[in-house]
Undergrad: 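This is the structure I have questions about; it appears just below.
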Amino acid sequence: MSVYVITGVSKGIGFEFVKQISEDGKNLVVGLVRDNAATEKKVAAELGDRSNVHILHADLTSYASLNKAAADTANIVGERGVDYLVANGAFPSLFDAYDPIGALKGDKVEELEDVSSKLFRTNVVGNIHLFNLFLPLVMKGKVKKVIAISSGHADLDFINDLEIETSALYAASKAAMNVIVAKFNAQYKKDGVLFMSLSPGAVEVGHFANVTPEQMQGLMGSMGKFSAYAPGFKGPTPVDEAIPIIRSTWEKASIDGGYGGAFVSHFGNKQWL
Ligand SMILES: NC(=O)c1ccc[n+]([C@@H]2O[C@H](COP(=O)([O-])OP(=O)(O)OC[C@H]3O[C@@H](n4cnc5c(N)ncnc54)[C@H](OP(=O)(O)O)[C@@H]3O)[C@@H](O)[C@H]2O)c1
């Protein structure tokens, strides 16, 4: 029925997007990954032989690889173009996930600078290249939706009201990405292309499987705040349950409905958990 291009499908939310979307044999899914051989193997092992899934190499930090992936995608999708471009891949830095911003000094200075550059290069500049290179294909598609997977961490009210002092650099990269999405909306809304930023909520993908007791303390502090913010919050949502919620929000989002350039949660509003 629809053609999807999704970045970062090697694991986590991205792999689950591929799994669930390609269950409908009429959908065509092109997944972009850094290690295509490993992902092809994983797709074959876990999803079986799905001829509607294509895995291509692309690294968000390499313009040349994204350019090649766009050309290869054009050959695969032909005149159908791309209906949904989902910018899911990201550098999910854990460097600052447990510590407050005031602790990122002293012996952490060099790593702070390295991680900041990598975050901006991957999560911001990488997606500028992705959008520019795939836009001609999106213009050819019927649906014309570009969805950037963001994070509630980037919402100023969420940070200020809950006093979330961790994940500063990662949050800043997502906030910068949200601005880029709005800029693309500013230019391409008139062409009927919906650009929006969508936070998936807290989703269980195994990021915190090997935390130290000290890191766990930092995490529990955030979890306590999350529970106070959303009393129904019982921890991250299993990834298979998160996907239909996210998809239903991008389905109902439209330019006419006011979603052009918007930054919303998986619920389609500013309720982040
Ligand atoms: N899980 C959550 O609770 C949560 C909450 C808020 C937002 N998010 C967002 O959801 C999206 C998916 O994250 P996830 O939770 O599923 O994490 P994940 O399992 O760590 O997946 C991240 C994906 O991004 C890919 N990636 C990283 N660097 C890349 C690069 N330079 N070029 C291309 N791909 C790259 C990874 O590929 P490799 O295998 O090659 O590393 C992987 O496929 C991200 O945008 C994340 O910020 C997640």
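Both counts, for ligands and for their atoms, begin at 1 and track the order of listing. Note that the numbering runs from 1 along the sequence shown for the chain.
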Undergrad: Other residues, nucleotides and ligands only: do more than 12 of their heavy atoms fall within 6.0 Å of CZ on F120?
TA: no
Undergrad: Nearest to atom 31 (N) of ligand 1, what protein heavy atom do you find, and at what distance?
TA: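 Atom 31 (N) of ligand 1 sits closest to the protein heavy atom D59 OD1, 2.9 Å.
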Undergrad: Can you tell me which residue and heavy atom of the protein come closest to atom 18 (P) of ligand 1, and the distance to 0.1 Å?
TA: H207 NE2, 3.5 Å
Undergrad: Should the proximity of V205 to ligand 1, defined as any heavy atom under 4.0 Å, be assigned to the side chain, the backbone, both, or neither?
TA: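 It is the side chain that gets close, since no backbone atom is under 4.0 Å.
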Undergrad: So for atom CG, which belongs to D191, do other residues, nucleotides or ligands contribute more than 12 heavy atoms lying within a distance under 6.0 Å?
TA: yes
Undergrad: What I want to know is whether R34 and ligand 1 share at least one N or O pair that is separated by under 3.5 angstrom.
TA: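 Yes, at least one N or O pair falls under 3.5 Å.
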Undergrad: I need the atoms of ligand 1 closer than 4.0 Å to a non-hydrogen atom of P200, numbered in the order shown.
TA: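 Counting from 1, the qualifying ligand atoms are 4 (C), 5 (C), 6 (C), 7 (C), 8 (N), 48 (C).
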Undergrad: Take atom NZ of K270 as the centre, draw a 6.0 Å sphere, and report whether it contains more than 12 heavy atoms from other residues, nucleotides or ligands.
TA: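 More than 12 heavy atoms, drawn from other residues, nucleotides or ligands, come within 6.0 Å of this atom.
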Undergrad: Which one holds for P236 and ligand 1: side chain close, backbone close, both close, or neither close, with close meaning a heavy atom under 4.0 Å?
TA: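 Neither part.
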Undergrad: Just let me know how K174 lines up against ligand 1, side chain, backbone, both or neither, with a heavy-atom cut-off below 4.0 Å.
TA: side chain
Undergrad: Considering only distance and modelled atom types, tabulate donor-acceptor pairs under 3.5 Å from the side chains of residues 107-114, sequence neighbours left out.
TA:
from	atom 1	to	atom 2	distance (Å)
K108	NZ	D99	OD2	2.7

Undergrad: Of V18, D24, V86, which is the lone residue that meets side-chain contact (heavy atoms from CB on, under 4.5 Å) with V29?
TA: V18
Undergrad: Against heavy atoms of G89, which atoms of ligand 1 measure under 4.0 Å?
TA: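 Result: 24 (O).
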Undergrad: Return the closest protein heavy atom for atom 5 (C) of ligand 1 as residue, atom name and distance.
TA: G201 O, 3.2 Å
Undergrad: What do you reckon, does G206 put a non-hydrogen atom under 4.0 Å from ligand 1?
TA: no
Undergrad: Heavy atom under 4.0 Å from ligand 1: found in Y170's side chain, backbone, both, or neither?
TA: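 Looking at Y170 and ligand 1, just side chain atoms fall under 4.0 Å.
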Undergrad: Using a strict 4.0 Å cut-off to heavy atoms of A202, name the atoms of ligand 1 that fall inside it.
TA: 3 (O)
Undergrad: Just wondering, are more than 12 heavy atoms of other shown residues or ligands nearer than 6.0 Å to OH in Y63?
TA: no
Undergrad: Would you please determine whether N88 falls within less than 4.0 Å of ligand 1 on a heavy-atom basis?
TA: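 Flag set, N88 near ligand 1.
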Undergrad: Around K225, counting heavy atoms of other residues, nucleotides and ligands shown, do more than 12 lie under 6.0 Å from its NZ?
TA: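 Yes.
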Undergrad: Is atom CE of M139 surrounded by more than 12 heavy atoms (other residues, nucleotides or ligands) closer than 6.0 Å?
TA: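 Yes - once you tally the heavy atoms of other residues, nucleotides and ligands closer than 6.0 Å, there are more than 12.
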Undergrad: Is H57 reaching over with its side chain to a backbone N or O of R34, donor-acceptor style, under 3.5 angstrom?
TA: yes
Undergrad: Show the atoms of ligand 1 that are less than 4.0 angstrom away from any heavy atom in G12.
TA: 16 (O), 19 (O)
Undergrad: Ignoring hydrogens, just give me the one of S93, G8, A90, A38 whose non-hydrogen atom is nearest atom 26 (N) of ligand 1.
TA: A90
Undergrad: Is it the side chain, the backbone, both or neither of S199 that has a heavy atom closer than 4.0 Å to ligand 1?
TA: neither
Undergrad: Any side-chain heavy atom of F195 sitting closer than 4.5 Å to one from F131?
TA: yes
Undergrad: Under 4.0 Å, heavy-atom basis, I'd like to know which part of E204 is in contact with ligand 1: side chain, backbone, both or neither.
TA: neither
Undergrad: With the threshold set at under 4.0 angstrom, would you say D35 reaches ligand 1 through any of its heavy atoms?
TA: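 False for this residue.
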Undergrad: Under 4.0 Å from a heavy atom of P92: give me the atoms of ligand 1 that qualify, with their elements.
TA: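 Within the 4.0 Å cut-off of P92, ligand 1 contributes 20 (O).
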Undergrad: How far is atom 7 (C) of ligand 1 from its nearest protein heavy atom, and which residue and atom name does that atom have?
TA: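 In this structure, atom 7 (C) of ligand 1 has S150 O, 3.0 Å as its nearest protein heavy atom.
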Undergrad: Around atom CD of E46, are there more than 12 heavy atoms from other residues, nucleotides or ligands closer than 6.0 Å?
TA: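 Correct, the count exceeds 12.
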Undergrad: Please identify which of these residues, V203, I243, I245, meets the side-chain contact (heavy atoms from CB on, under 4.5 Å) condition with H266.
TA: I245
Undergrad: How far is atom 39 (O) of ligand 1 from the closest protein heavy atom, and which atom is that?
TA: S10 OG, 2.6 Å
Undergrad: Which ligand 1 atoms, with their elements, are less than 4.0 angstrom from a heavy-atom of A58?
TA: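 Matching atoms, with element in brackets: 33 (C).
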Undergrad: Would you indicate whether K144, at its atom NZ, is surrounded by more than 12 heavy atoms from other residues, nucleotides or ligands within a distance under 6.0 Å?
TA: yes
Undergrad: Looking only at protein heavy atoms, which one is nearest to atom 10 (O) of ligand 1, and how far off is it?
TA: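 Closest protein heavy atom to atom 10 (O) of ligand 1: I149 CG2, 3.3 Å.
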Undergrad: Has K42 got its NZ or CZ under 6.0 Å from the middle of the six-membered ring of F15, at an angle within 45 degrees of the ring axis?
TA: yes
Undergrad: Between ligand 1 and S62, can you find any atom pair, the residue atom being a heavy atom, that is separated by under 4.0 Å?
TA: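 No heavy atom of S62 comes that close to ligand 1.
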Undergrad: With atom 48 (C) of ligand 1 as the reference point, say which of L32, I13, V239, V203 has the nearest heavy atom.
TA: I13
Undergrad: Which residue supplies the protein heavy atom nearest to atom 33 (C) of ligand 1, what is that atom called, and how far is it?
TA: L60 N, 3.6 Å
Undergrad: From L162 CG over to D155 CG, what is the distance, rounded to the nearest 0.5 angstrom?
TA: 10.0 Å
